[in-house]
Amino acid sequence: MSATIIRNGRIIDPANKRDETADVYIADGKIIDAESEIPHSKSEIEEIDAKGLIVAPGLIDMHVHLREPGFSHKETIESGARAAAAGGFTTVVCMPNTSPVPDNPSTIAWIKNRASAIACVNVLPTGAISKNLAGEELAPIGSLAQAGVVAITDDGHCVQNHEVMRRAVEYARMVGVPLLDHCQDYDLVGNGVVHEGYWSTLLGLPGWPAAGEEVIVMRNILLAELCDHHIHCQHLSTAGSVRLIREARARGVKISGEVCPHHIALTDDAVQNFDTNYKVNPPLRSEKDIDALLEGITDGTLSILCSDHAPHANFEKEVEFDVAPFGIIGLETELGLFINLLVHKYRKIDIARLIAMYTVEPARLLRIDAGTLSVGARAHVTLIDPKLEWTVKVNQFHSASRNSPFDGWELKGRAVRTIVWGKTVWKL
Ligand SMILES: [Zn+2]
């Protein structure tokens, strides 16, 4: 293995409250203290000039769909990992709505083996909460934890039976894995496809009311309190969810929430052209909801940023709005969108907090060894140019799918190099 020196970058390592211009030294895939500690056996030392760039711990996206096993026409672990690297991500956490569902240790082993053989970034699997994501019978949560899942979730689905969910939280606590939840009340949401409001009424599309999310967020707050275990609410989209989480966290409840870029970049008026690249779950919401999400990000109520990268093939998305699958790809646009919106446009947080929400925050929640540039840490590093202006070109994406509503958008800020175990896996 070689050694690497990243010179003169602005190091932002929120886990160590570090923000200064300095060099970063890497040998044998780990961060080391000083140039003098590079072993003499290293004949080749790669030097990277990071002047004008931010040197951040490798970013973590804790919510992606890599579609394997089962749906490799949408994405594979290999193509999804390349998309992650091109977005600046060194670690991704993949969701369990695959076929077969990882509700058993052997599917987890398959994903881990496949990832270590073929993925250029770290791929960490989640296990299902319930067998076949059906919400009825618990998956073997202890065996899944032993098999190496970083969390359990039924993402894409939501356990409706509160007693089943309570037992899941208790088991998760017992075996020490966090629980993530896609918050959707099936009765309230019904066949809703867009935010219930002006546009759903005008267009005659079935509405997905904000309360359909909030009622499950409330349920999760109560269960986190009852079972004294952390529950993390995925892709939050409504003002009411932010208010509930804020109040619960102030009381010390172990609850948290994440935000996806599309929920702050777009409102539900985008669906008026019936373009299915605006069909996401939960749906695009109102201006008022966006304001609340931004407020939640600013005051720390919402602590994690992620993409909910959800690839679908063109033939699947090119159908009537009602029947198209939910979801858009996001790995290659999320960092640019968030820097552009949160740091430059709305000035809600600074770049250091944005990096924290992509590194130390998810690492802490998932209890994984990542998200810092501490001496001895794994050398996963992302180089970011926060001022670089670029245009989104979907046809150049590394993802195997093209379902993005952001094609042609002008953004400011992006990753320019991604380093995994000390090795550059992607650069601009
Ligand atoms: Zn989901």
Side-chain angles (χ1 to χ4, degrees), residues 61-67 70-71 74-75 80 92-99 101-103 124-130 132-135 139 149-160 165 168 178-186 188-195 208-217 219-220 231-238 241-242 245 255-264 266 276-285 289 293 302 304-312 316-317 324-331 334 362 365-366 401 403-405:
D61 184 341
M62 63 172 279
H63 192 146
V64 306
H65 298 267
L66 298 183
R67 304 301 192 203
F71 305 101
K74 299 172 192 267
E75 193 82 280
V92 294
V93 176
C94 58
M95 295 299 122
N97 53 345
T98 54
S99 177
V101 167
D103 57 7
L124 307 177
T126 55
I129 293 172
S130 67
N132 210 27
L133 309 178
V149 303
V150 293
I152 54 167
T153 172
D154 268 6
D155 184 54
H157 301 259
C158 178
V159 175
Q160 301 294 295
M165 190 65 169
L179 193 141
L180 322 177
D181 197 26
H182 164 122
C183 303
Q184 177 177 349
D185 183 284
Y186 290 175
L188 278 172
V189 173
N191 58 353
V193 290
V194 295
H195 176 57
W208 196 134
E213 174 176 292
E214 292 150 7
V215 79
I216 298 293
V217 170
R219 180 274 302 265
N220 289 344
I231 301 179
H232 174 75
C233 299
Q234 299 180 283
H235 46 47
L236 291 176
S237 67
T238 80
S241 295
V242 178
I245 300 255
I255 193 92
S256 56
E258 67 187 26
V259 193
C260 305
H262 46 272
H263 286 129
I264 62 165
L266 297 163
T276 57
N277 281 334
Y278 297 94
K279 182 176 175 183
V280 288
N281 192 17
L284 303 175
R285 300 285 184 189
D289 294 301
L293 291 172
L302 302 170
I304 288 170
L305 304 174
C306 64
S307 65
D308 191 7
H309 178 78
H312 293 292
E316 295 168 311
K317 275 289 201 181
F326 290 98
I328 56 174
I329 51 174
L331 276 166
E334 61 180 301
L365 174 70
L366 300 170
S401 284
N403 52 314
S404 167

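One-based numbering along the sequence shown. In each ligand, atom 1 is the first atom listed, and ligand 1 is the first ligand listed.
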Open item on the list: Can a side-chain donor-acceptor contact be found between His65 and Asp308 if the only test is distance below 3.5 angstrom?
Closed with: yes
Task: Residues which pass side chain to side chain donor-acceptor pair (under 3.5 Å) with Asp103, listed by chain and number, not counting sequence neighbours - done: none
Open item on the list: Return all protein N, O or S atoms below 2.8 Å from the Zn ion (ligand 1), chain by chain in residue order.
Closed with: Asp155 OD1, His182 ND1, His235 NE2
Open item on the list: Please evaluate residues Asp181 and Arg219 with respect to the criterion salt bridge (Lys or Arg N to Asp or Glu O under 4.0 Å), reporting the C-alpha separation (whole Å), side-chain torsions for both, the decisive distance (0.1 Å), and the verdict.
Closed with: CA-CA 11 Å; Asp181 197 26; Arg219 180 274 302 265; 3.1 Å; yes
Open item on the list: Can you tell me how far apart NE2 (His63) and CG (Leu331) are? Round to the nearest 0.5 Å.
Closed with: 11.0 Å
Open item on the list: Any side-chain to backbone donor/acceptor pair from Gln184 onto Glu213? Under 3.5 Å, distance only.
Closed with: no
- [ ] Consider only side-chain N and O atoms of Ser256 and His232, and report whether a donor and an acceptor are under 3.5 Å apart.
- [x] yes
